[in-house]
Amino acid sequence: MARRTDWRVRGEIALLAGPGILVFVTFVILPVLMAAFYGFFKWKGFGFPDDFVGFENYLLILKDATFREAVGHNLFIVVASLILQGPLAILFALLMNQRMRGCSLIRVLIFVPYVISEVVVGTGWSLMLRDTGALNSMLEKLGLESLVQSWIADPSVAMGTLMFIISWKYIGFAVILMLAGLQSIPEELYEAASIDGASFWQTQWRITLPLLGPTIRIWAFLSIIGSLQLFDLVNIIWGQYVAATAGTSTMATYMYQNGHLAGNYGFGSAVAVLLFVISLVIALVYQRFALRRDTAGAVTGPSGRKSS
């Protein structure tokens with residue numbers, strides 16, 4: 001009887017998880033393996049690759065200073081996104097968690113940029129921030145000519161421009177996550193703290209932030225992965241030629257320029273593999289040291305004990 005039940009459970013798992021696993025293998029695992037295979041060839045993107053070069057593509061990538069700069073840009077975006085968006089998202093969530101008029105409207109206005117397509121956002125900001133765009137024109141009309149900048153082409157301000165656009169675009173997602181985490185905190189804890197005489201900020205420091213920790217860590221993980229794979233906004237706003245000179249190139253734009261545009265798909269596949277490996281290593285390290293406390297009790301065996 002126990003054996004029959006065991007096979008029934010396995011059958012249910014296979015039935016429910018099978019389609020998802022099949023899709024994951026087909027659209028994630030298989031393309032990664034194919035990219036790893038193509039990365040060992042000089043390949044123009046058609047026909048079966050036959051010009052085997054071994055690790056030459058990978059060595060060329062690692063020796064290329066432009067690629068190392070792109071990696072540095074990605075890491076800067078990772079850190080800057082966490083520093084800028086995290087505290088602001090928590091503050092906005094604390095504000096909108098209070099009973100106040102117009103709170104629903106504020107939530108909508110903050111979340112709207114996140115649901116707008118990257119193409120629309122990139123096109124709109126590129127038009128506003130060009131040298132003869134709306135922003136510089138407005139500054140000139142206000143008599144603030146000293147603030148007029150080449151927001152996109154000047155390397156000294158281009159990365160700041162990119163971080164502003166990224167924060168404006170994605171902070172709504174962080175706010176919604178933080179707000180959901182705040183609403184899951186029992187109200188009784190705040191009432192007990194109020195009875196004990198705790199101030200508002202003491203309550204947030206001692207109760208809100210510790211209990212909001214799992215939400216913050218999940219958001220940070222998603223932000224890190226998204227920052228490492230950033231492509232759309234940079235490519236749309238800066239274009240295929242300006243991104244490198246403006247100091248806003250990323251690993252994804254490097255792959256696009258040196259793989260697709262150059263017609264060297266073997267080289268581009270090697271870049272894709274390196275991007276995958278870097279993202280995977282960072283994700284595993286983050287999960288090992290940051291998410292472990294949140295996932296330690298998530299998987300349990302039939303007896304309720306944690307599965308090995």
Side-chain angles (χ1 to χ4, degrees), residues 13 16-17 20-21 24 28 74-100 103-104 106-108 110-111 113-115 163 166-196 198-230 278-308:
I13 293 175
L16 296 174
I21 294 175
F24 180 77
V28 178
N74 276 111
L75 295 179
F76 175 83
I77 294 170
V78 167
V79 176
S81 296
L82 295 177
I83 294 176
L84 292 176
Q85 296 180 41
L88 286 177
I90 295 174
L91 289 175
F92 281 132
L94 288 174
L95 175 64
M96 290 186 293
N97 200 38
Q98 308 298 317
R99 292 184 178 89
M100 55 181 292
C103 187
S104 299
I106 296 175
R107 293 181 186 180
V108 172
I110 291 179
F111 192 67
Y114 178 72
V115 299
M163 290 312 307
I166 291 175
S167 299
W168 175 85
K169 175 76 170 69
Y170 295 108
I171 195 172
F173 176 70
V175 170
I176 294 300
L177 281 182
M178 301 302 175
L179 190 58
L182 287 175
Q183 294 179 348
S184 66
I185 300 176
E187 189 66 28
E188 293 80 3
L189 297 177
Y190 294 107
E191 295 175 356
S194 178
I195 293 174
D196 290 339
S199 66
F200 174 80
W201 293 111
Q202 287 177 330
T203 302
Q204 307 311 316
W205 183 258
R206 299 292 184 180
I207 296 177
T208 303
L209 287 181
L211 295 181
L212 198 61
T215 303
I216 296 174
R217 288 187 287 271
I218 289 295
W219 164 79
F221 177 77
L222 297 175
S223 178
I224 291 170
I225 298 302
S227 298
L228 291 173
Q229 300 175 351
L230 182 64
I278 292 173
S279 301
L280 179 63
V281 170
I282 293 178
L284 292 177
V285 171
Y286 186 88
Q287 182 176 359
R288 173 65 176 81
F289 294 100
L291 293 181
R292 186 179 183 183
R293 67 181 72 179
D294 302 323
T295 60
V299 181
T300 57
S303 62
R305 293 177 298 179
K306 187 171 59 176
S307 300
S308 57

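In what follows, residues are counted from 1 in the order of the sequence shown. Side-chain atoms are counted along with the backbone in the values below, which use heavy atoms only and exclude waters and symmetry mates.
The closest side-chain heavy-atom distance from Trp219 to Leu82 is below 4.5 Å. Annotation: side chain of Ile166 is in contact with side chain of Ser81 (closest heavy-atom distance under 4.5 Å). Looking only at side-chain heavy atoms (C-beta outward), Arg107 and Leu179 come within less than 4.5 Å of each other. A 4.5 Å side-chain heavy-atom check between Gln204 and Leu209 finds every atom pair outside the cut-off. Within the 4.5 Å cutoff, side-chain heavy atoms of Ile216 are placed close to those of Ile90. With a 4.5 Å cut-off on side-chain heavy atoms, Ile278 and Ile282 count as touching.
Judged purely by atom type and a 3.5 angstrom limit, Ser167 uses its side chain to pair as donor or acceptor with the backbone of Met163.
Residues Val78 and Ser227 approach most closely at CG2-CB, 3.5 Å, considering heavy atoms. Nearest approach of Met178 to Leu212, heavy atoms of both residues: O-CD1, 3.7 Å. Annotation for Ile171 and Ala89: closest pair CD1-N, 4.2 Å, computed over non-hydrogen atoms. Pairing each heavy atom of Ile207 with each of Ala193, the nearest pair is CD1-CB, 3.7 Å.
Note that CD of Gln85 is 5.0 Å distant from OG of Ser223, once rounded to the nearest 0.5 Å. Here the CZ-CZ distance, from Arg217 to Phe289, works out to 14.5 Å after rounding to the nearest 0.5 Å. Rounding to the nearest 0.5 angstrom, the gap separating the CG atom in Leu84 from the CD1 atom in Ile77 is 11.5 Å. Atom CD1 of Ile224 and atom CG of Asn74 lie 12.5 Å apart (nearest 0.5 Å). Here the CG-CZ distance, from Leu94 to Phe200, works out to 5.5 Å after rounding to the nearest 0.5 Å. The OG1 atom of Thr203 sits 10.0 Å away from the CG atom of Leu189 when rounded to the nearest 0.5 Å.
Listed by chain and residue number, nothing satisfies the ring pair (Phe, Tyr, Trp, His ring centres under 6.0 Å) test with Phe92 (two or more places apart in sequence, or in another chain). Taking the side-chain hydrogen bond (donor to acceptor under 3.5 Å, both in side chains) definition, one finds that Gln202 meets it with Ser199, sequence neighbours left out.
Two rings, from Phe111 and Tyr114, have their centers less than 6.0 Å apart.
In summary, the side chains of Thr208 and Tyr190 do present a donor paired with an acceptor at a separation below 3.5 Å, with no hydrogens or angles considered.
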